[in-house]
Colleague: 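Questions regarding the structure given below will be posed in turn.
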Amino acid sequence: MSDKSFTLKDNGSGEEADLASYKGTLGPEVVDVRSLYGQQGIFTFDPGFASTASCESTITFIDGEEGILLYRGYPVEQLAQKSSFIEVCYLLLYGELPTQDELGKFENNIRRHTMINETMLRLFNGFHHDAHPMAMVSGVVGSMSAFYHETMDIQSARRREIFSHRIIAKLPTIAAAAYKHTLGQSFMYPRNDLDFASNLLHMFFAVPAEYYEIDPVAAEAIDLLLILHADHEQNCSTSTVRLAGSSGANPYSAIAAGIAALWGPAHGGANEAVLTMLKEIGSAKNIPEYVARAKDKDDSFRLMGFGHRVYKNFDPRAKIIRDMCHKVLAKLGDDNDPLFELALELEQVALQDDYFVEKQLYPNVDFYSGIIYRALGFRPSMFTVMFAIARSVGWVSHWQEMITDPAYRIARPRQLYVGPETRDYVDVTNR
Ligand code: CMC
């Protein structure tokens, strides 16, 4: 599979290292540096891994310049328009779109795993009422390794499959339990007669005392958001799952690590941060002040929901979400929602600003998703949890791919050491 090779020359000694290169199906070719240390005794240096392909993958492809996102080769726009989250889960996990029969069986499997062990439910009592739901969800998902220790048998294809189904099916239940705990309301058991998105709405918003009618536009919006967030190749949380899982750790713990990584405001936490930022800006007249702050190197403020490590043109997901925003607000919220108006205004100002244009900073997936979640009735602290529910399928697909990859090894990066050179210990009395 090596198409051509690259020669790396040490300009001092004149020594050369020959490095193979590989071309994938799509995207830039990669140089294989694995033999570099053996040949020349040097490492590559790439903090943030912006230029490093950490693995081979067949799951998701992104072209950041062209704004392309493909799941197993299918454009996300087509999936958003024609597919469902549960079908996308099948596609990501198994690599192909399911037949009608396969889809039915898969959907049934997921529905049969939605309940959680009652003792797991009791874990929530240990959390303070104002605990952030992401903290509760990562904690409780981590605890699944205590419930399903047999999953440590990661060489068993069947155990891996059951693990994947459990994560996809139970994460909404765990998330809803966290939500109900925050509100002090009764936990609502899952309803297996409902589709994935409708069941999620039921568990979050129904109460035992009243009949809860599921709004089809709300279910459609949830399903769309789940599809758009389902996977995004080697992003921070997915790489975390791969890294934690590479030691052979219980995969539930690896998913919990991924949830923790997702929570950061530079990653999935951005959707909550966008809403906080819009509220802080408050009115269109204050936009110039905040845009100026975002550009000021001495100010740590950034425009949340703007910029992306890979997308340097536009985030295809943001465009689809913006359209859904209009639809949801027209049906369920205020079509003239001041925060949505403010977001549209801020987008326009930033898109015309030289700083944002030069640095290729465009609205990303998180810029509008929070506005939809808010219109649907979710508290801002739940926005990133919703992201986690969607990304769970990406995490398990990548974990599965890693475990079955013949080239899989424990992830163990090296470093450029810049600390003190070797020195002798000095007794405390002589310091
Ligand atoms: N506002 C103002 N300046 C920005 C922003 C922003 N949102 N994003 C990047 N920049 C500037 C940054 O200061 C840097 O400037 P300079 O070259 O002068 O030092 C330049 O643009 C490149 O930024 P970077 O931080 O080196 O880029 P990165 O690839 O390491 O970070 C990012 C990407 C998404 C973390 C970053 O753009 C950011 O912090 N955005 C806001 C948070 C956000 O919306 N995150 C959600 C990402 S999409 C969903 C997800 O991944 O979960």
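Order of listing sets the numbers, starting from 1, for every ligand and every atom in it. On a predicted model such as this, the values are computed, not experimentally measured, just so you know.
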Colleague: Given R302, H267, K295, which one has a non-hydrogen atom that is nearest to atom 36 (C) of ligand 1?
Modeller: R302
Colleague: Tell me whether atom 11 (C) of ligand 1 lies less than 4.0 Å from at least one protein heavy-atom position.
Modeller: yes
Colleague: Based purely on interatomic distance, does K312 place a nitrogen or oxygen under 3.5 Å from a nitrogen or oxygen of ligand 1?
Modeller: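 Checking ligand 1 against K312, no N or O pair falls under 3.5 Å apart.
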Colleague: Classify the ring geometry between Y94 and H165 as parallel (under 30°), tilted (30 to 60°) or perpendicular (over 60°).
Modeller: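 Perpendicular: the ring planes of Y94 and H165 meet at over 60°.
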Colleague: Quick check on atom 26 (O) of ligand 1 - does any protein heavy atom sit closer than 4.0 Å to it?
Modeller: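 Looking at atom 26 (O) of ligand 1, one finds that no protein heavy atom lies closer than 4.0 Å.
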Colleague: Of all the heavy atoms in F367, does at least one lie under 4.0 Å from an atom in ligand 1?
Modeller: no
Colleague: Has ligand 1 got any nitrogen or oxygen that is less than 3.5 angstrom from a nitrogen or oxygen of M304?
Modeller: no
Colleague: List every atom of ligand 1 that sits less than 4.0 Å from any heavy atom of G268, numbering the atoms from 1 in the order shown and giving each element.
Modeller: 52 (O)
Colleague: For the rings on F43 and F45, is their centre-to-centre separation under 6.0 Å?
Modeller: no
Colleague: Which residue and atom name correspond to the protein heavy atom nearest atom 30 (O) of ligand 1, and how close is it?
Modeller: R309 NH2, 3.0 Å
Colleague: Please list all pairs passing the salt bridge (charged side-chain N to carboxylate O under 4.0 Å, His left out) test where one or both residues lie in residues 390-412, with sequence neighbours left out.
Modeller: R242-E401
Colleague: Just which atoms of ligand 1 are under 4.0 Å from any heavy atom in Y355?
Modeller: 2 (C), 3 (N), 4 (C), 11 (C), 13 (O)
Colleague: Could you walk me through whether Y179 and F204 satisfy the ring pair (Phe, Tyr, Trp, His ring centres under 6.0 Å) test, starting with their C-alpha distance in whole Å, then the side-chain angles of each, then the deciding distance to 0.1 Å, before giving a yes or no?
Modeller: CA-CA 7 Å; Y179 193 56; F204 273 79; 5.2 Å; yes
Colleague: Using a 4.0 Å heavy-atom cut-off, say whether L361 meets ligand 1 through its side chain, its backbone, both or neither.
Modeller: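 For L361, the contact with ligand 1 is made by the side chain alone.
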Colleague: Atoms of ligand 1 less than 4.0 Å from G305 heavy atoms?
Modeller: 43 (C), 44 (O)
Colleague: Among all the protein's non-hydrogen atoms, which is closest to atom 41 (C) of ligand 1, and how far away is it?
Modeller: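 Of the protein heavy atoms, F306 O, 3.4 Å lies nearest.
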Colleague: For ligand 1, is there an atom lying under 4.0 Å from some heavy atom of P265?
Modeller: yes
Colleague: Please state whether the rings of H132 and W263 are parallel, tilted or perpendicular, taking 30° and 60° as the class boundaries.
Modeller: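 Answer is tilted, since the angle falls between 30° and 60°.
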Colleague: Non-hydrogen atoms of G48 versus ligand 1: any pair closer than 4.0 Å?
Modeller: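 Contact check G48 vs ligand 1: negative.
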Colleague: Among K359, H308, H232, whose heavy atom sits nearest atom 17 (O) of ligand 1?
Modeller: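 The option holding the nearest heavy atom is K359.
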Colleague: Measure up the F356 and F306 rings against each other and bin them: parallel (under 30°), tilted (30 to 60°), perpendicular (over 60°).
Modeller: perpendicular
Colleague: Using the six-membered ring wherever Trp is involved, compare the ring planes of Y373 and F378 and label them parallel, tilted or perpendicular (cut-offs 30° and 60°).
Modeller: perpendicular
Colleague: Which residue and non-hydrogen atom of the protein lie closest to atom 7 (N) of ligand 1, and at what distance in Å?
Modeller: L303 O, 2.7 Å
Colleague: Within the structure, does K297 bring an N/O atom to less than 3.5 angstrom of an N/O atom in ligand 1?
Modeller: yes
Colleague: Within a distance under 4.0 Å of any heavy atom of F387, pick out the atoms of ligand 1 and give their elements.
Modeller: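 Here the atoms of ligand 1 in question are 52 (O).
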Colleague: So, Y362 versus Y311, ring centres under 6.0 angstrom or not?
Modeller: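 Centroid distance Y362-Y311: not below 6.0 Å, so no.
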Colleague: Using the side-chain hydrogen bond (donor to acceptor under 3.5 Å, both in side chains) rule, take E29 and S21 through it: C-alpha gap first, then chi angles, then the decisive distance, then the call.
Modeller: CA-CA 7 Å; E29 61 186 303; S21 82; 2.9 Å; yes
Colleague: What are the two closest heavy atoms between H202 and L194, and how far apart are they?
Modeller: CB-CD1, 3.9 Å
Colleague: Taking N or O atoms only and a 3.5 Å limit, does A266 qualify as a polar contact for ligand 1?
Modeller: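 Looking only at distances, the answer is yes, because the N/O contact criterion of under 3.5 Å is met.
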Colleague: Return the residue, atom name and 0.1 Å-rounded distance of the protein heavy atom closest to atom 2 (C) of ligand 1.
Modeller: A294 O, 3.6 Å
Colleague: Does a donor on one side chain and an acceptor on the other come within less than 3.5 Å for S253 and N250?
Modeller: no
Colleague: Check this for me: does any side-chain nitrogen of one of R111 and E107 sit under 4.0 Å from a carboxylate oxygen of the other?
Modeller: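 Result for this pair is yes, salt bridge flagged.
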Colleague: In ligand 1, which numbered atoms sit nearer than 4.0 Å to a non-hydrogen atom of A270?
Modeller: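 Listed by number with element, the hits are 43 (C), 44 (O), 45 (N), 46 (C).
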Colleague: Out of S369, G307, C236, whose heavy atom sits nearest atom 34 (C) of ligand 1?
Modeller: G307
Colleague: Should T44 and T52 count as side-chain neighbours, where that means a heavy-atom distance under 4.5 Å?
Modeller: no
Colleague: Of all the heavy atoms in D366, does at least one lie under 4.0 Å from an atom in ligand 1?
Modeller: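 The answer is yes, since D366 has a heavy atom less than 4.0 Å from ligand 1.
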Colleague: Walk me through whether R166 and Y252 qualify under side-chain hydrogen bond (donor to acceptor under 3.5 Å, both in side chains).
Modeller: CA-CA 10 Å; R166 278 194 191 126; Y252 293 102; 3.1 Å; yes
Colleague: Please identify which atoms of ligand 1 are closer than 4.0 Å to at least one heavy atom of V365.
Modeller: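 Those qualifying, in numeric order: 49 (C).
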